[in-house]
Amino acid sequence: DAGVTQSPTHLIKTRGQQVTLRCSPKSGHDTVSWYQQALGQGPQFIFQYYEEEERQRGNFPDRFSGHQFPNYSSELNVNALLLGDSALYLCASSWDRGNEQFFGPGTRLTVL
Amino acid sequence: AQSVTQLDSQVPVFEEAPVELRCNYSSSVSVYLFWYVQYPNQGLQLLLKYLSGSTLVESINGFEAEFNKSQTSFHLRKPSVHISDTAEYFCAVIFHSGGYQKVTFGIGTKLQVIP
């Protein structure tokens, strides 16, 4: 079992650009949640996808959007990047919106 | 308001000494409680969780946490720490509200084990 995988590992973008991050859930999991972890902070919940729909959303602007595919993998898209979007983006998967979430290693996004 | 507080940003402790990492929450609804550990440049790993039942929960590597509803706390303890326990520890709470489960993390506590 490969666990939760995320790509890319690191990414450098400039302000105003757009970025797409990818996540493959743990085998058998159908729910994917995305978190933003700024330096020195705890993870902040962005949104959760289940059955290819956004089921819950945290306090993030519409510049943050996502998608879940039929194979349960997911993408996080961020438009019009700001310097403050620099963070570690974590993906977590679970079964049927369950409580036990398994986290991927994250994607480190740097916005210059 | 629903919130999670980890008062200690850093906790230095000598090897083989006991440690307690504190977590308090504020909630008017029922909760599930978790502790996650994050090693440098890695994602989060679930350490232990409280969903229901016994208020004392244990992990496989010697950590334990106790849910105290009256004090709204879920402190993490270990009687004797090892160098390999050096990491950042996050308390997380799921607040049950309106059919949705919102996960809120604390800001984390860095545990530094000193040889």
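Numbers restart at 1 for each chain; the letters A, B, ... are given by sequence-line order, proteins then strands.
Checked against S93(A) for a side-chain contact (heavy atoms from CB on, under 4.5 Å), the options P25(A), S24(A), C23(A), S33(A) give a single hit: P25(A). Partner of H29(A) under the ring pair (Phe, Tyr, Trp, His ring centres under 6.0 Å) criterion, chosen from W95(A), Y50(A), F102(A): F102(A). Checking I94(B), L44(B), V93(B) one by one against F34(B), the side-chain contact (heavy atoms from CB on, under 4.5 Å) holds for a single residue, I94(B).
Residues L33(B) and V29(B) fall within the same hydrophobic cluster, defined by Ile, Leu, Val, Met, Phe, Trp and Tyr side chains chained together at heavy-atom separations under 4.5 Å. The same ILVMFWY cluster, assembled from side-chain heavy atoms under 4.5 Å apart, contains both I83(B) and V11(B).
Against chain A, the residues from residues 105-115 of chain B that qualify, each with a non-hydrogen atom under 4.5 angstrom away, are F105(B), G106(B), I107(B) in number order. Proximity to chain B among residues 68-86 of chain A is not found for any residue, judged by heavy-atom separations below 4.5 angstrom. Applying a 4.5 Å heavy-atom cutoff, the residues of residues 45-63 of chain B that approach chain A are L46(B), K49(B), L51(B).
Of all heavy-atom pairs between Q38(B) and A87(B), the closest is O-CB, 3.6 Å. Nearest approach of N24(B) to S73(B), heavy atoms of both residues: ND2-CB, 3.6 Å. Heavy atoms only, all atoms of each residue included: P8(A) and L21(A) are closest at CD-CD2, 4.4 Å. In terms of heavy-atom proximity, L90(A) sits nearest to G104(A) at CD2-O, 3.7 Å. Taking both residues in full, the closest heavy atoms of H75(B) and C23(B) are given as ND1-N, 3.0 Å, listed atom of the first, atom of the second, then distance. Taking both residues in full, the closest heavy atoms of V4(A) and K26(A) are given as CG2-N, 3.8 Å, listed atom of the first, atom of the second, then distance.
The part of Y35(A) that comes within reach of chain B is its side chain, from C-beta onward, which places non-hydrogen atoms under 4.5 angstrom from that chain. With a threshold of 4.5 angstrom between heavy atoms, Q37(A) approaches chain B through side-chain atoms but not through N, CA, C or O. Using a 4.5 Å cut-off between heavy atoms, Q6(B) makes no contact with chain A at all.
Once rounded to the nearest 0.5 Å, the distance linking OH of Y89(B) with OH of Y36(B) reads 15.0 Å.
The ring of F60(A) has its center no closer than 6.0 angstrom to the ring center of F45(A).
For P61(A), the side chain to side chain contact (heavy atoms under 4.5 Å, CB included) partners two or more places apart in sequence, or in a different chain, are R63(A), F64(A).
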